[in-house]
Every structure is written in C-alpha cells, then in structure tokens.
Amino acid sequence: MTVYLDCNATTPLEPAVMAVVTRFMERDYGNAASPIHDFGVFARLAVEHARGQVAEVVAARRDEVIFTSGATEADNLALLGLADHGLARERRHVIGTAVEHKAVLEPLEELARRGFQVELLPVGASGRLDPDRLRAALRPDTLLVSTMHVNNETGVVQPLAELAEILAGHGAYWHVDAAQGFGKEIDGLRNPRIDLIAVSGHKIYAPKGVGALIARKRDRAFPPLRPLMLGGGQEQGLRPGTLPVPLIAGFGEAAKLALRTHEARSAANRAFREKLLAALAPLEPTLNGDQEHVLPHAMNLSLAGIEADRAITALKGVIAVSSTSACTSHTRAPSHVLTAMGFTPERVETSLRLSWCHLTPAVDWDEVVSILRGLRAP
C-alpha cells in the first residue's frame, strides 16, 4: 500500500472529525440561517460552537472568526477587501514576501493592477524573512503587510514575534497566511498584533471546502474589509451564502483536537523525521531552508543527480510525494519558492517535498532508497 507523504497538500480526515461531519450530513442537517425550528437552532449552535473552537487556537474572540471555503478565499478577502480603504486614504503601499503562496501573490498582483505599489521582500537561502528588511520597507503610506506563517514547500516558520515588534507602532494592517501553520505551531498566531489570519480546514485533518479568516478587532473596530461577494448577509456581511454546517462542525472539531493533542502530534512527527533522515542519509540529501526553524512534519530536500519528476514517478506504489505546492504541481514551472531562495536550477529541479502527520504509517525506507539509488546517474 502506498504511504501518503504529501500532507502539506492535504491531510487525511481525523476519525473523530469524520464522525462529526457525518452526523451533520445524515441527521442534524438544518440550515443555520433558519432558527425557526429545532433543526435550524441546533445547526446555528453547532456553527457558533465551531467558531469558538477555531478562535481558541489563535486566542481570538468568537466573533472575529469569519467562515470561508478555505484559506485561498480568506486570503483574497483580507487582501482585496482592504483595497477601497487604502484608495480612500491614499495608502497604496503594500508589502509581501517573494515566497508567499499563489493565493497571496495573485491577489497582490491584482492590487498592483488597481494602482497599488506592491513590494515583495526577498528571503535568502534560509527561507526566512529578515525582520530588518521589513523595517526598512515600511512607509507612512503602507496599508498592508502580508507574510506567511509557515512555508508550504519548505516548512520554514517565519519570525512572527520579531515582525510584530517592528509593526507595533505602525498603522499598517498585518495579514498572515497561516494555512500551513494553524494548529501546528501555536504561539506565533496568538500575537494580538496580527490583524488578519487565513486558515484552512483540510490542512488540519478536517474536510476540504472550509476555512476561515480571523479578523481581529483593533481599538474595538474590525478591519475595514469590503466583501468580495454579495447576497444574504451571512458572516457579518463579509461572506454571504448558506453555511456548510457539516464542514464547519468538522473544522471546529479538528481545531479542538489540534490544540488538545499538539504536543503528542509534534512528538510523533519528530520521530518520523528522525527515521526519514537516517534512512536517506546514504543518498546525501541537501536540506532546503533553515532547519532550525522548520516544523517537524515537513522536509524539502534535493538529491543531486535525481530529477524530481523521475523520482516521483518511480516511487509510485511505495510513497506519494511532491516537488512543489499542490496548486502549481500541474505546471512544469520550477518552484518559485526555492528559486526566490537563490538556489541553482539543478538544486531546484532535484528537490522533493515530503510531509507527513501523526496518522502516517511506517515506510519501507530500504525500498525507497533502493529505487532512488537506481535513478542516480553513475
């Protein structure tokens, strides 16, 4: 049986989450916007309970959680939703980083088309943003700063605490794409200076199709977002449409479990990582990104002389791995993340992304190494 090692793309469903989702699909299927009978009342209670569970992970208020279809929608709502506010106040400078996910880079490109000046900060070989670069880039007319929490290709954690100190005295709104780190690295996202946090259910063992934008109040006021869609007025008027109660309830359960079992999951992931490194040592892999600041469930490595595409194909039936983010794996373009980190084309083209979780079974590493050795040119 093939062992799935692409958990940064999506995770398996936690059994307890599946039970919650099934319950609200089969039995408690009311519409949360119809609290005129018991079915609707219970659906609304389930949504609000899940809202509190998601909020607790990042130490936010319940009413600061806006449910979306996932982190991509949340990113778009956060970034494009601030455009009118910036234009009205002549604050048209926006800062991002060169290693952001496409769900952030493409909305930033849209802001540029609307007349904003978008500045992407480099990160270097570590994959981490130097806080001094942000300090130097900030201007009085900076409307927005967008930095990811954990990189989806390398697993590198950004220095959120240091960035928060730099932004402490500045009025810019700070958006963090936390799709890869929510529920896995807890302390960083609890910093009250972060205004907007985008999260996704299917990265923490919940179903696909549900996520949230956490919009923290500042001086008792929500960030001045404009909705991207209209109709219905759900989610404080920012995200209309009938709420997918089964998905939201499952997301809430997954958030609860992520917080409750964080230490145990991290320990299991570290143990898996140690076995992986020991097994692949004969192949002399080069690890990509600052290994002192990576989460234990992900690894990006390059194997000299072994093209990633060939390795992925040859390993089918043994392990399932990737070479870049899921959203760009259908193209043959090299990883923009590793390229932005300054690596040579050969190092980029021979890179593999492996990611696992506490539910991942044991791997026959001897077979993996044997297959990879056979691919390496003599």
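Nothing fancy with the numbering, it's 1 onward along the sequence. Since the structure is predicted, the reported quantities are computational estimates derived from the model, not experimental observations.
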Within the distance-only criterion (no hydrogens, no angle test), does the side chain of T142 pair as donor or acceptor with the backbone N or O of L144 below 3.5 angstrom? no

Would you confirm whether R353, through its side chain, and T154, through its main-chain N or O, come within 3.5 Å as a donor-acceptor pair? no

How about Q117 and R139: do any of their side-chain heavy atoms sit closer than 4.5 Å? yes

Path from L120 to L111 over hydrophobic side-chain contacts below 4.5 Å: yes

For the pair E263 and R265, find out whether any cationic side-chain nitrogen is under 4.0 Å from an anionic carboxylate oxygen. no

Do any side-chain atoms of residues 204-214 form donor-acceptor pairs under 3.5 angstrom with protein atoms, and if so which ones, sequence neighbours left out?
none

Other residues, nucleotides, ligands: >12 heavy atoms within 6.0 Å of H262 NE2: yes

Tell me, yes or no, whether the heavy-atom count around R260 atom CZ, taken from other residues, nucleotides or ligands under 6.0 Å, exceeds 12. no

Within the 3.5 Å criterion, strictly below it, is a donor on E367 or S370 matched to an acceptor on the partner's side chain? no

In terms of ring plane angle, is the pair F24 and F42 parallel, tilted or perpendicular, where the classes change at 30° and 60°? parallel

I'd like to know if the side chain of S335 and the backbone of L338 have a donor-acceptor N/O pair within less than 3.5 Å. yes

Atom CZ of F222 with >12 non-hydrogen neighbours under 6.0 angstrom: yes

Common cluster, Y173/L77, ILVMFWY with side-chain heavy-atom separation under 4.5 Å: yes

Do I312 and I371 share a hydrophobic cluster, counting only Ile, Leu, Val, Met, Phe, Trp and Tyr and linking them when any side-chain heavy atoms are less than 4.5 Å apart? yes

Heavy-atom side-chain contact between L160 and N191 under 4.5 Å: no

Side chain to side chain donor-acceptor pair (under 3.5 Å) between H93 and E119, intermediate numbers included: CA-CA 8 Å; H93 182 233; E119 186 174 356; 2.9 Å; yes

Strictly by side chain to side chain donor-acceptor pair (under 3.5 Å), give each pair with a member in residues 155-170 just once, sequence neighbours left out. none

Could you tell me if the side chain of L167 sits less than 4.5 Å from the side chain of L138, heavy atoms only? yes

Is there side-chain contact between E235 and R51, with heavy atoms separated by less than 4.5 Å? yes

If we only count heavy atoms from C-beta on, is the V104 to K102 side-chain gap below 4.5 Å? no

Should the heavy atoms of other residues, nucleotides or ligands under 6.0 Å from CG of D132 be counted, would the total exceed 12? yes

N/O donor-acceptor pair under 3.5 Å between Q291 side chain and G289 backbone: yes

Determine yes or no for a side-chain-to-main-chain donor-acceptor pair under 3.5 angstrom, with K184 supplying the side chain and K203 the backbone. yes

Close side-chain approach of R216 and I194, heavy atoms under 4.5 Å: yes

CD of E284: more than 12 outside heavy atoms within 6.0 angstrom? no

Taking S34 for its side chain and G40 for its backbone only, find out whether a donor-acceptor pair lies under 3.5 Å. no

Do L354 and L375 share a hydrophobic cluster (ILVMFWY, side-chain heavy atoms under 4.5 Å, transitive)? yes

Under 3.5 Å, side chain of R62 to main-chain N/O of A55, donor-acceptor pair present? no

If you draw a 6.0 Å radius around CZ in R218, do more than 12 non-hydrogen atoms from other residues or ligands fall strictly inside? yes

Side-chain heavy atoms of L105 within contact of H336, under 4.5 Å: yes

Evaluate the salt bridge (Lys or Arg N to Asp or Glu O under 4.0 Å) criterion for residues D141 and R89: first the C-alpha distance (whole Å), next the side-chain angles of each, then the deciding distance (0.1 Å), finally the verdict. CA-CA 9 Å; D141 65 334; R89 286 159 178 75; over 6 Å; no

Has E110 got more than 12 heavy atoms of other residues, nucleotides or ligands less than 6.0 Å from its CD? yes

Taking the side chain from N151 and the backbone from V99, do they hold a donor-acceptor pair closer than 3.5 Å? yes

Should we say atom NZ of K275 is surrounded by more than 12 heavy atoms from elsewhere, each under 6.0 Å from it? no

Side-chain donor/acceptor of W356 to backbone N/O of N269, under 3.5 Å: yes

Just verifying a value: how many Å separate E349 CD and S302 OG, rounded to the nearest 0.5 Å? 10.0 Å

Give a yes or no on whether I306 and L277 share a hydrophobic cluster (residues Ile, Leu, Val, Met, Phe, Trp, Tyr; joining criterion: side-chain heavy atoms under 4.5 Å apart). yes

Within the 4.5 Å heavy-atom criterion, are R239 and E73 side-chain neighbours or not? yes

